[in-house]
Number of protein chains: 2
Amino acid sequence: MKPQLQIRMNEALYLRNPESSALGKSIIKHSVEMIYAQGIETFTFKKLAAEIGTTEASIYRYFENKHKLLVYLTAWYWGWLEFQISFHTNNIKEPAVKLKRVIKLLTSTVVDDKQTHHINESFLHQIIIAEGSKAYLTKQVGEDNKQQFFKPYKDLCAVIGHIISEVNPKYKYPKSLATTIVEMAHFQNFFMNNLPSLTDFGKTKEESEIIAFLNDLVFSSVKKK
Amino acid sequence: MKPQLQIRMNEALYLRNPESSALGKSIIKHSVEMIYAQGIETFTFKKLAAEIGTTEASIYRYFENKHKLLVYLTAWYWGWLEFQISFHTNNIKEPAVKLKRVIKLLTSTVVDDKQTHHINESFLHQIIIAEGSKAYLTKQVGEDNKQQFFKPYKDLCAVIGHIISEVNPKYKYPKSLATTIVEMAHFQNFFMNNLPSLTDFGKTKEESEIIAFLNDLVFSSVKKK
DNA sequence: TTTATAATAATAGTATTACTATCATAAATA
DNA sequence: TATTTATGATAGTAATACTATTATTATAAA
């Protein structure tokens, strides 16, 4: 039996820790499935309660509202992804190789690790692509940021920024390039599948092409001239 | 007196053309002001009606719902911006110079042209930064796309893609780079002002730095090697 | 084993949102 | 002057986003 990977979560994101009970885990599991299937706009706590056979009131004991739940899921994802990245780039010395691996991990469809836990990472990956930016594109972004809700996202970007600086310490925009990589890994995927004329991958719809594009973009900029 | 610049709008975006009446123009004007001030989430047709001294029912005669109104505003913005770009790059022959000018126009805070019309372009620019991607990050993106709601956005990206191809006909990802420029012009601005540790411009908060970053990014990639 | 203590279920209720419908009236147009 | 059209006034509905209360059940401490 594999040790369950636990992502350390900011306690201000929930009222009761969903990892602490069967109901909590069920809330997370079915939230992911339902938001994946119907999108965050039409998803409601009432529908979720019906789906898992509990009451709205019970769900509100775990999460203050839908926004907090979305932020929770995104924070979990970024924490999980940072772990994946540190795991898969662990013994790579060459920073350029490491950066390529990061781009691949960011862009590739996640395979759900069924053994590990109740969260379907593949669904969650799709949720992050379509809904992730809504977590911070709000008027409360300042408040939420003060409460450290975006720390996992910022930490991940910082890690990528550091790798960029390792590749070329003189490159002037490591942080902005890091966020560009992360956001574009997702946006190009969304566009490829939904507004294909906005990308150069509309024909094949291959993730490998997004990876090639990002590699070209990143290494052209970062490489010493 | 300047000729009023009219942006040709997709008729499926509205029930009654808001440009055709004083009430319609008031709806647009105050929508922009209110969404700018309070964000799309807390903005409602009821509040808007109260603000402009009309009824909810009257507003619903112009727009089916809030989403359509947001899509209308974004479509207007992209149409307007494409006009700005064609105007300001009109007699530039050198494609690289043209591309630089485009990056500057995309990134710079718009100055409201008070003389021209009821839409405050400066507010609208901020709305596009914070809310623009919500216009297409939905489950109905396919439907909306079929109805051509995103044509102005796609047209603008196509124009930029063509300029990129003029700079280097052999560059492999003109479309994806075009969307990257457009999205990053906005996201870097949002991050700079709201989550500054994600960018390299948190200290100065200067738009000129975003422009420098994008120029470096774009020309490193596009230039023949 | 009893008892305290949590957690959940069941139920009800409120304010707001997102609309739709109807009818009267004012303004524009033919 | 008659008629079309836009708006205003008013009402109403279903769904959303919660909050509150009380009854049960499961768990864990004494």
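Computed from a predicted structure; not experimentally measured. Order of the sequence lines sets the chain letters (A, B, ...), proteins ahead of strands, with each chain counted from 1.
In this structure, B:Lys46 places its NZ atom where only 12 or fewer heavy-atom neighbours from other residues, nucleotides or ligands lie under 6.0 Å away.
Minimum atom distance to the side chain of B:Ala57 is reached by D:dA9, of the listed D:dT21, D:dA9, D:dG8. Among D:dA6, D:dA20, C:dA9, the nucleotide with an atom closest to any side-chain atom of A:Leu23 is C:dA9. Candidate nucleotides C:dT11, C:dA18, D:dG8 were compared by shortest atom distance to the side chain of B:Thr44, and C:dA18 ranks first. Between C:dC19, D:dT21, D:dT7, one nucleotide has an atom nearer to the side chain of B:Arg16 than all others, and that is D:dT7. Minimum atom distance to the side chain of A:Thr55 is reached by C:dA10, of the listed C:dC19, C:dA10, D:dG8. Set against C:dT8, D:dC18, D:dT10, the side chain of A:Tyr60 has D:dC18 as its closest nucleotide. Listed candidates were D:dA6, C:dA9, D:dA17. Nearest to the side chain of A:Lys66 is D:dA17. Minimum atom distance to the side chain of B:Asn65 is reached by C:dC19, of the listed C:dT8, D:dG8, C:dC19. Which of D:dT7, C:dA18, C:dT8 sits closest to the side chain of B:Ser21 comes down to D:dT7. Comparing D:dT16, D:dC18, D:dG8 against the side chain of A:Glu56 picks out D:dC18 as the nearest.
At C:dA9, one or more side-chain N or O atoms of A:Thr54 fall inside 4.0 Å of OP1 or OP2 (strictly under the cut-off). Remark: A:Tyr62 is not in phosphate contact with C:dA7, judged by side-chain N or O atoms under 4.0 Å from OP1 or OP2. A sub-4.0 Å separation between OP1 or OP2 of C:dT8 and a side-chain N or O of A:Ser58 is absent.
Nucleotide D:dT16 holds its P atom 17 Å from the CD atom of B:Glu41, rounded to whole Å. Separating the CD1 atom of A:Ile59 from the C1' atom of D:dA20 is a distance of 17 Å, rounded to the nearest angstrom. The CG atom of A:Leu15 sits 12 Å away from the C1' atom of D:dC18 (whole-angstrom rounding). Distance A:Lys47 NZ to D:dC18 C1': 16 Å, rounded to the nearest Å. Summarising the geometry, the separation between CD on B:Gln38 and P on C:dT17 is reported as 10 Å, rounded to the nearest angstrom. Atom pair A:Lys46:NZ and C:dT11:C1' shows a separation of 13 Å (rounding to whole Å applied). For A:Arg61 and C:dT8, the CZ to C1' distance is 6 Å, given to the nearest whole Å. For A:His67 and D:dT16, the NE2 to C1' distance is 17 Å, given to the nearest whole Å.
Within 4.0 Å (heavy atoms only), A:Glu64 reaches sugar-phosphate atoms of the nucleic acid but no base atom. Within the nucleic acid shown, A:Phe63 has no heavy atom closer than 4.0 Å to any nucleic acid atom.
Using bins of under 30°, 30° to 60° and over 60° for the plane-to-plane angle, the ring pair B:Tyr153/A:Phe191 lands in the tilted bin.
A ring-centre distance under 6.0 Å is found for B:Tyr173 and A:Phe213. Taking the centre of each ring, B:Trp78 and B:His186 come in below the 6.0 Å mark. The aromatic ring centres of B:Tyr77 and B:Tyr72 sit 6.0 Å or more apart.
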Q | salt bridge (Lys or Arg N to Asp or Glu O under 4.0 Å) between B:Glu33 and B:Lys29, intermediate numbers included | A | CA-CA 7 Å; B:Glu33 291 172 6; B:Lys29 178 183 160 70; 3.4 Å; yes
